[in-house]
Peer 1: 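Sharing a structure, written as structure tokens. Questions coming.
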Amino acid sequence: MTLETAILASSFVEFPFEWHYVRSIVRVSLYVSLVAVALSTLFSLPLALAIGFSEFRGKRLVTAVINTGMGFPSVVVGLVVLFAVSNQGPLGPLNLVFTPEAMILSQFVLAAPVVTGVSLAAVSGVDRRVRDAAYAMGGTRLDVALVVIKEARYGIATAILAGFGRAVSEVGSVLIVGGNIASADGTSYTRTLTTAIQLEARQGRFETAMLLGAILVALVLVVNAIVIRLGGTGGRYR
Amino acid sequence: MTLALEGVSHGYGDGFVLEDVSLTAHSGEVLAVIGPSGVGKSTLLRLLALFERPDRGSVTDDGTDVWTLSTQERLAARRGVATVFQEASLFGASVRRNVEYGLRVRKSWPARLRHELATRLGMPTDAAVLDALETVGLADQLDQHAASLSGGEAQRVAFARALAYDPDVLLLDEPTSDLDPRNTALIERAVLEARRRDIGVVVATHDMHQAERIADRVAVLLDGGVIDVGDAETVFENPADERTRKFIDGELIY
């Protein structure tokens, strides 16, 4: 007996949708959030290293702006991204309104400050003398950056996790730019776990909402476990 | 490789820490730079290590001004120099990974990947790594994590890390000021071994007795400049500058 049939058999409710519908929601959620966090990491980690390594006027201001970005209201981000991708907006020609890619964009904007801010704190926590040692042993700037990343790997793993948590659990902006759309054939197009939960709860299908909620929590747990494991195995190697 | 400062002045913010300093490190010779704390010994070593470009004057490698070279050429010059700092500053990895570091960054990326694979497959450690660790008496600690070492052991590993890639010049910034007599003696023995390998050693220290024990030449740094430089014996027994005599006798209060 598969897990799906087991849950179906033991439940007292009849699900108003098919399992492939649930699967498609999970797929959209994962696609949007993982891509958004991957892009945020690619963007934020070099930025955090650059800010952490250099001394310049206004560094405190930049840090303050990043930290403010961490708490930016997601609905406002959604609104701004919607303007950006709308027909009259600068990204209008790309036709991104109500697409998963628009949701990636808004989640990127939400996750990037979190990944940058937490990574920056981790990178800044690496002893300057360790950087000097890497440089003194003949390391290039890239070698020094790699040493710092390895020394700060737990903090950076935390940053990526925090970014993923922010992205996957967020409702406001994906609702605005994605539109919570499911196709006529019962599969999700821009419906994520969060927006689906919101919809199901509003329509009184609480069991369904709770099942989706459980899946969301399980997803976050699994991703956390994977990232912590990756952050941990770097221990012996440099 | 002969590394030299020529008429170097350098500072941070207001005024110079060092003014018009000239000093040469010869291979196979131990040069001690002595002077009270805060006199600019570390700055002098950072300039020799090519960490910073001097505000005035030049740093030369066999007569060539290093800061007129291209980035790649300067990297090559920098890779002839190794520095050991006052604190060990080891990486959060095994002793072996730490000591290998200098060798690893000198490899091409494909060679590094191959080395990484070989390490994971349990290939034997590089002979240079074992040799460097033997010099400081820690060859049996290969697989220890750096964090599990005592302060003295960590500093000896830092020394081995600098020695492993066979530099031409070895710079030591107060390498034993935090160490007990036994670890100090082990480091000093390793310094003499480095000299035997024809490495030029520059050691900044405020420990005059250490300078007497290991140095061939001594430079006295005071008031932003080298006030006295010469054979260790001459400087200690018959200093040219009255301030040197006072500093050695402990009469100079800073």
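By convention in this document, chain letters (A, B, ...) are assigned in the order of the sequence lines, proteins followed by strands, and residues within each chain are numbered from 1. Quick note: numbers below take in every heavy atom, side chains included, and nothing from hydrogens, waters or symmetry partners.
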Peer 1: So what's closer than 4.5 Å to chain A heavy atoms on B:Leu90: side chain, backbone, both or neither?
Peer 2: backbone
Peer 1: Is B:Arg96 close to chain A through its backbone or its side chain, or both, or neither, when contacts mean heavy atoms under 4.5 Å?
Peer 2: neither
Peer 1: Which atoms form the tightest heavy-atom contact between A:Ala133 and B:Ser89, and what is the distance?
Peer 2: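 Answer, listing the atom of A:Ala133 first, then B:Ser89: CB-O, 3.7 Å.
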Peer 1: Within the 4.5 Å heavy-atom criterion, are B:Tyr101 and A:Val147 side-chain neighbours or not?
Peer 2: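 Result yes, sub-4.5 Å side-chain heavy-atom pair found.
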Peer 1: Taking the basic N atoms (NZ, or NE/NH1/NH2) and the acidic carboxylate oxygens, is any pair closer than 4.0 Å for B:Arg112 and A:Asp143?
Peer 2: yes
Peer 1: Please look at B:Ala162 and chain A and tell me whether the side chain, the backbone, both or neither of the residue comes under 4.5 angstrom of a heavy atom of that chain.
Peer 2: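 Both backbone and side chain.
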Peer 1: Out of A:Asp132, A:Thr140, A:Val126, return the one with the most heavy atom pairs under 4.5 angstrom to chain B.
Peer 2: A:Asp132
Peer 1: When you measure from the side chain of B:Arg78 to the backbone N and O of A:Gly139, does any donor-acceptor pair fall under 3.5 Å?
Peer 2: yes
Peer 1: Between A:Glu151 and B:Gly92 (side chain of the first, backbone of the second, donor and acceptor by atom type, cut-off under 3.5 Å), is there such a pair?
Peer 2: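 Here the side-chain-to-backbone pair exists.
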Peer 1: Say you draw a straight line from CZ of B:Phe91 to CG of A:Asp127; how long is it, rounded to the nearest 0.5 Å?
Peer 2: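 The distance works out to 11.5 Å.
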Peer 1: Is B:Leu50 in contact with chain A via its backbone, its side chain, both, or neither, using a 4.5 Å heavy-atom distance?
Peer 2: backbone
Peer 1: Look only at the side chain of B:Arg79 and the backbone of A:Gly138, and say whether a donor-acceptor pair between them is shorter than 3.5 Å.
Peer 2: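 Side chain of B:Arg79 to backbone of A:Gly138: a pair is present.
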Peer 1: Pick one of side chain, backbone, both or neither for B:Val81, based on which atoms fall under 4.5 Å of a heavy atom in chain A.
Peer 2: backbone
Peer 1: Check this for me: A:Phe72, atom CZ, are more than 12 non-hydrogen atoms of other residues, nucleotides or ligands nearer than 6.0 Å?
Peer 2: no
Peer 1: Hey, could you give me the CZ/CE distance between B:Arg104 and A:Met137, rounded to the nearest 0.5 Å?
Peer 2: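 Rounded to the nearest 0.5 Å, the CZ-CE separation comes to 12.5 Å.
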Peer 1: Give, as side chain, backbone, both or neither, the part of A:Arg141 having an atom under 4.5 angstrom from any heavy atom of chain B.
Peer 2: neither
